[in-house]
Amino acid sequence: MLGPFFSSSALTISALILINIAAVQCKIPTTLDGPFEPVTVPFDRSLRGNAIDLPDSDPRVRRRAKGFEPEQISVSLSSNYDSVWISWITGESQIDYNINPLDPKSVSSIVHYGKIREPVMHHEARGYSLVYNQLYPFDGLQNYTSGIIHHVRLTGLTASTIYYYRCGDPSIPAMSEIFSFKTMPVSGPRSYPGRIGIVGDLGLTYNMTTTISHLIGNKPDLVLLIGDITYANLYLTNGTSSDCYSCSFSETPIHETYQLRWDYWGRFMQNLVSKVPIMVVEGNHEIEEQVQNQTFVAYSSRFAFPSKESGSLSTFYYSFNSGGIHFIMLGAYIAYNKTADQYKWLERNLANVDRSITPWLVATWHPPWYSSYQAHYREAECMRVAMEELLYSYGVDIVFTGHVHAYERSNRVYNYALDPCGPVHITVGDGGNREKMATEHADEPGNCPEPWTTPDPYMGGFCATNFTSGPAAGKFCWDRQPDYSAFRESSFGHGILEVKNETWALWTWYRNQDSQSKTGDQIYIVRQPDRCPVPSKVTKGWFSAR
């Protein structure tokens with residue numbers, strides 16, 4: 001470890017020297033050394049991996065709760081350190097042609113919590129509950145109704161403190177065992193969580209179980225899941241699976257989705273997310289179309305989001321603070337142009353960020369803007385055209401995305417040009433899902449897609465015009481690895497972000513095929529606020545530190 005770090009207002013020359021010496025001794029590059037010449041690690045074809053889903057017979061996904069005992073328990077953050085959400089499910093889900101939903105009012109949503117584990121937890125919080133359905137009015141397609149989903153918000157918490165909790169309904173009685181979580185640090189330039197795990201495109205395969213095992217081994221304080229959660233929509237409602245979304249179920253009248261995969265996923269993940277807060281943003285596999293043009297129903301029902309606390313009216317976009325980091329979670333599959341509610345919310349949100357309190361500004365969404373892989377190449381270009389200038393003007397430091405099933409880290413970039421004040425874009429769609437890895441690059445001969453094939457129908461029209469400079473001048477694809485692409489590799493894995501102070505953060509990517517101590521990619525991301533000034537905060541926002 002590098003020892004103590006300080007805010008820039010108090011950062012001494014000797015402290016800066018200490019950081020630099022440590023980076024040199026560990027041979028860890030920094031963004032100050034960049035931009036870097038593009039690097040591609042050759043694909044090892046022995047690493048295709050076991051892209052096979054866990055069966056419903058696996059004991060890690062079987063329902064062990066009895067009656068209305070809580071299961072699929074998880075913790076998520078509110079907008080600040082002094083509040084969290086506890087979520088869980090009671091009662092059995094149903095999948096059949098005729099379903100009879102449970103009554104959410106039949107079971108209370110109660111959490112007992114406190115700083116002392118035994119003998120009694122002195123605080124009680126009550127929340128709300130719901131049931132959702134996945135309905136198909138077609139012959140042969142089974143319908144689904146969930147168990148009772150509970151969300152309870154705990155408030156008045158102390159920063160950086162371990163709390164113990166039990167959830168359920170004590171009147172039945174049906175209470176969980178005792179779990180614990182640790183609150184985030186108070187927002188401030190010297191205050192950061194130890195490790196933030198970053199994963200995307202998980203699913204529930206044997207590859208994914210390795211990813212989560214390694215992630216747990218790295219002891220994160222917070223986990224970000226950048227979309228594509230369960231891949232339940234790769235299944236028919238009778239449980240039959242497919243190897244890919246685009247090639248599956250072409251004869252059915254609507255694209256089916258096997259909702260029980262959500263329950264399996266929730267049970268498997270409980271070991272991690274009942275103790276470590278998880279923050280989720282939607283991906284394309286969460287669309288899950290059903291009757292009456294309903295989409296994203298499972299996603300919006302199963303997770304608690306700090307939407308209201310962060311001034312958002314949607315589960316698709318919201319923000320929260322974690323110590324001196326302000327996270328912005330954006331929705332790629334909802335309107336994002338300048339007249340849309342999301343864009344207007346983002347303008348207000350960014351204008352209220354006080355960089356003297358939360359120096360780091362991190363944004364996430366599912367499909368990458370800067371990816372050199374053939375898969376999904378320039379698919380999100382309309383979103384980039386609409387939002388990139390706004391994010392750049394407020395000095396976003398890092399962008400995390402998924403969607404492409406590989407790993408890629410960019411140089412600092414803005415509008416396809418290398419820019420010392422642009423963010424570092426990191427794609428981590430390598431969690432280990434059933435659709436396997438992306439291995440082909442758009443800049444390789446014969447791999448450049450036809451431009452009109454690239455837009456995603458859920459993300460708007462065609463916005464990807466030709467490049468205007470460099471080796472891709474007048475072309476839709478580069479003829480070599482793009483300058484913006486610093487490092488790319490087709491392997492499954494996860495990432496860890498460790499913010500050290502208000503200007504230095506360590507990013508590490510771990511590959512599944514390696515031991516947990518070996519790094520696949522590592523770099524210090526260094527902010528330069530003197531070189532890249534950002535607008536001052538306009539007014540004191542609802543999410544500022546207290």
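Both backbone and side-chain heavy atoms feed into the values below; hydrogens, waters and symmetry mates do not.
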Flag, side chain of [X] to backbone of [Y], donor-acceptor distance under 3.5 Å:
X      : Y      : value
Arg409 : His425 : no
Glu408 : Ser371 : no
Ser410 : Arg412 : no
Trp504 : Leu506 : no
Asp397 : Val362 : no
Asp221 : Gly194 : yes
Ser490 : Ala438 : yes
Asp521 : Thr508 : no
Asn415 : Ala417 : no
Trp345 : Tyr318 : no

Taking atom types as modelled, find out whether [X] and [Y] have a side-chain donor-acceptor pair closer than 3.5 angstrom.
X      : Y      : value
His376 : Asp456 : no
Asn284 : His366 : yes
Glu286 : Trp262 : no
Arg378 : Thr454 : no
Tyr370 : Glu388 : yes
Asn512 : Thr210 : no
Trp85  : Glu309 : yes
Ser87  : Arg302 : no
Tyr317 : Asp341 : no
Ser83  : Thr155 : no
Asn433 : His285 : no
Asp430 : Trp509 : yes

(message) side-chain contact (heavy atoms from CB on, under 4.5 Å), that's the test. Do Leu202 and Thr211 meet it? Break it down for me.
(response) CA-CA 8 Å; Leu202 281 179; Thr211 301; 4.3 Å; yes

Can you name the closest pair of heavy atoms from [X] and [Y] and give their distance?
X      : Y      : result
Tyr192 : Ile325 : CD2-CG1, 3.8 Å
Cys421 : Arg531 : SG-O, 4.0 Å
Gly520 : Arg511 : CA-CG, 4.1 Å
Asn321 : Asn80  : ND2-OD1, 3.3 Å
Glu381 : Ala464 : CG-CA, 3.5 Å
Ala472 : Cys477 : CB-O, 3.8 Å

From [X] atom [atom1] to [Y] atom [atom2], the distance as rounded to the nearest 0.5 Å:
X      : Y      : atom1 : atom2 : value
Met329 : Ser319 : CE    : OG    : 10.0 Å
Thr31  : Asn411 : OG1   : CG    : 9.5 Å
Asn218 : Ser213 : CG    : OG    : 10.0 Å

Ring centroid separation for [X] and [Y], is it under 6.0 angstrom?
X      : Y      : result
Phe296 : Phe316 : yes
Phe492 : Tyr407 : no
Tyr416 : Phe467 : yes
Tyr414 : Tyr392 : yes
Trp452 : Phe462 : no
Tyr373 : His441 : yes
Tyr299 : Phe305 : yes

For the residue pair [X] and [Y], establish whether any side-chain heavy-atom pair is separated by less than 4.5 Å.
X      : Y      : value
Leu361 : Leu350 : yes
Thr364 : Thr401 : no
Leu222 : Phe320 : yes
Glu379 : Pro455 : no
Asp82  : Thr158 : no
Leu154 : Ile86  : yes
Phe327 : Thr358 : no
Phe487 : Phe36  : no

(message) I'd like to know if Glu502 and Arg355 make a salt bridge, using a cut-off of under 4.0 Å between side-chain N and carboxylate O.
(response) no

(request) Would you mind checking if Glu347 and Lys344 are paired as a salt bridge, meaning a charged N to carboxylate O distance below 4.0 Å? (result) no

(request) Give the C-alpha distance, both sets of side-chain angles, the deciding distance and a yes or no for side-chain contact (heavy atoms from CB on, under 4.5 Å) between Asn337 and Gln342. (result) CA-CA 8 Å; Asn337 56 56; Gln342 178 175 205; over 6 Å; no

(request) Measure up the Phe181 and Tyr163 rings against each other and bin them: parallel (under 30°), tilted (30 to 60°), perpendicular (over 60°). (result) parallel

(request) Starting from the C-alpha separation in whole Å, work towards a yes-or-no answer on side-chain contact (heavy atoms from CB on, under 4.5 Å) for Ile196 and Leu224. (result) CA-CA 7 Å; Ile196 301 171; Leu224 303 188; 4.2 Å; yes

(message) Determine whether Glu288 and Thr295 satisfy the following criterion, side-chain hydrogen bond (donor to acceptor under 3.5 Å, both in side chains), listing intermediate values before the conclusion.
(response) CA-CA 5 Å; Glu288 296 188 312; Thr295 54; over 6 Å; no

(message) Run the salt bridge (Lys or Arg N to Asp or Glu O under 4.0 Å) test on Lys475 and Asp443 for me, step by step, so that the C-alpha distance in whole Å, both residues' side-chain angles and the decisive distance to 0.1 Å come before the verdict.
(response) CA-CA 11 Å; Lys475 304 173 186 176; Asp443 48 89; over 6 Å; no

(request) Quick one: do Arg527 and Asp530 satisfy salt bridge (Lys or Arg N to Asp or Glu O under 4.0 Å)? Show the steps, please. (result) CA-CA 9 Å; Arg527 298 180 61 246; Asp530 295 335; over 6 Å; no

(message) Between Asp514 and His214, is the side-chain hydrogen bond (donor to acceptor under 3.5 Å, both in side chains) condition met? List the steps.
(response) CA-CA 10 Å; Asp514 298 329; His214 285 189; over 6 Å; no

(message) I'd like to know whether Thr30 forms a side-chain contact (heavy atoms from CB on, under 4.5 Å) with Leu32, so could you lay out the CA-CA distance, the side-chain angles of the two residues, the decisive distance to 0.1 Å, and finally the verdict.
(response) CA-CA 5 Å; Thr30 82; Leu32 300 178; 3.3 Å; yes

